[in-house]
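The next block holds one structure in the form of structure tokens; read it before the comments.
Excluded from the calculations below are hydrogen atoms, water molecules and symmetry mates; all remaining heavy atoms, backbone and side chain alike, are included.
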Amino acid sequence: MRVFGGLSAAVRLGRGGETLKIYLCRGSDCSKTKLPRKQLEAHVAGATITKVRCQKICKAPVVGVDRGDGPVWFRKVGHRTLEDIGQFVAAGTLSARLKGHEAKKRAGKLRD
């Protein structure tokens, strides 16, 4: 299990004991540029990763992180952004690079 700041992501973010949820878009534009699920799992150890239908914000892979108050969506996710998402999961703060990838129009919304 990958550890950030001494605590695992699941321990750090589990609100009320529930498991952290990560959403991975499976729409056509997201699928063209493959974001390996195993790479995502390595950066957010202990989280449940669920594939969801297109969120209508994609030009490249889209990842959502649900911290208990609705998902926060990140578009155009690449290898560097995955590291920032891992730090966001662990610490709860957005890096400057990750703020640029945040999709504010979809904040708190999920298309199952």
For C54 against C25, the heavy-atom pair lying closest together: CA-SG, 3.5 Å

So, taking the atom named CZ in F74 and the one named CD in E102, what distance separates them when rounded to the nearest 0.5 Å? 5.5 Å

Atom CG of L24 and atom OG1 of T50: how far apart are they, to the nearest 0.5 Å? 9.5 Å

Check L82 against V77 and note the closest heavy-atom contact, atom names and distance. CD2-CG1, 4.0 Å

Would you check if the side chain of R75 reaches a backbone N or O of A60 as a donor-acceptor pair within less than 3.5 Å? no

List in chain and number order the residues that pass side chain to side chain contact (heavy atoms under 4.5 Å, CB included) with K99, two or more places apart in sequence or in another chain; answer none if no residue qualifies. L94

Just verifying a value: how many Å separate I49 CD1 and K21 NZ, rounded to the nearest 0.5 Å? 14.0 Å

Find the distance between NE2 (H43) and CD1 (I22) and round it off to the nearest 0.5 Å. 12.0 Å

Can a side-chain donor-acceptor contact be found between R106 and Q55 if the only test is distance below 3.5 angstrom? yes

Exceeds 12 heavy-atom contacts within 6.0 angstrom, atom CZ of R80: no

Residues Q39 and H79: side-chain donor-acceptor under 3.5 angstrom: yes

Which heavy atom of A103 sits nearest to which heavy atom of I57, and what is that distance? CB-CD1, 3.5 Å

Between K51 and R26, what is the shortest heavy-atom contact and its length? CB-CD, 4.2 Å

In this structure, CD of E83 is separated from CG of L98 (nearest 0.5 Å) by 11.5 Å

How long is the straight-line distance from CG of D66 back to OH of Y23, given to the nearest 0.5 Å? 4.5 Å

Treating W73 as the side-chain partner and K109 as the backbone partner, does any N or O pair qualify as donor plus acceptor under 3.5 Å? yes

